[in-house]
Amino acid sequence: MTEQITLYTAKICPWAQRVELALQEAKVEYTRYEIDLENKPTWYASKVNPASKVPALAYGGPKVSPDTPSEESVKLAESGVLLEFVADISGLLLPKDAVSRAKARFFIETATAKFSPAFYGAVARGESPEGILTVIETIQALLPAEGYAVGEYTIADAAITPLFARANVALKNDIGAYDAGEGVRVYNILQSDPKFARFRKYYDDVTARDTFKETFHEVSSFRRPMSSVVLTCLRRRSI
Ligand SMILES: N[C@@H](CCC(=O)N[C@@H](CS)C(=O)NCC(=O)O)C(=O)O
């Protein structure tokens, strides 16, 4: 692969971590540029992503400093799109057969659409985190008996892991707008109820990978009280 890739990202952001996971899993070389979401550079919206969000990619063009992006590079955004893009340029991270590819895409759609509002509802709006358990049961039912979301590691795993990881940290530390103690209570159910054994194994598998360890920044992702940036990150507007 000869084209340069610059990833505009933020440690705090689950949508950006998706793309970093995919790039690293596919061993695609990239230059990482951290955007301070609370103080975004003035050039970011005009020169990289008009939506002013991370993640975004500058693809191709000359190798330049990330803070002076070239007009010659293609600018791409939206984590779901970028996951597919990484799979396309690497020829990796999606199964070869059409049915399994469709299953991976179905997993991404379903898991994201269900998990994100349940998580956001609990941590931002104070809904019961029990809703997260219900959604995890649904997502767990999509998993095969063993292995990753569709067997081999794919963009489906890169898509959901950042959300699961942030929920794990929030619940374990009882961070969120729900009643005090509810997060830890739900966390303990997730950790011990035999009903969630398949989820636990899946979570252990995806978070044991070096790429996860390199791209997950627990402290940046959650500070008490939860900042408005974190809350913005959790709200699923469009994917
Ligand atoms: N749908 C977008 C969501 C991206 C997103 O919400 N990014 C947040 C950070 S987690 C962001 O950049 N927020 C900045 C802002 O809204 O000003 C995706 O999947 O890429």
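Predicted model only: the values in this text are computed from it and were never measured. Ligands are counted one by one from 1 in listed order, and the atoms in each one are counted from 1 as well.
The same ILVMFWY cluster, assembled from side-chain heavy atoms under 4.5 Å apart, contains both Phe212 and Phe107. In the hydrophobic clustering of this structure, Tyr59 does not group with Val64; members are Ile, Leu, Val, Met, Phe, Trp, Tyr whose side-chain heavy atoms approach within less than 4.5 Å, directly or through other members.
Comparing Cys13, Ser79, Ala77 against atom 19 (O) of ligand 1, the shortest heavy-atom distance belongs to Ser79.
Numbered from 1 in the order shown, with element, the atoms of ligand 1 that lie under 4.0 Å from a heavy atom of Leu37 read 9 (C), 12 (O). Those atoms of ligand 1 with a heavy atom of Lys40 less than 4.0 angstrom away are 14 (C), 15 (C), 17 (O).
Remark: Glu130 engages Arg185 in a salt bridge, criterion side-chain N to carboxylate O under 4.0 Å. We find that Lys201 and Glu146 are not joined by a salt bridge, their nearest charged nitrogen and carboxylate oxygen being 4.0 Å or further apart.
Within the 4.0 Å heavy-atom shell around ligand 1 one finds Pro55.
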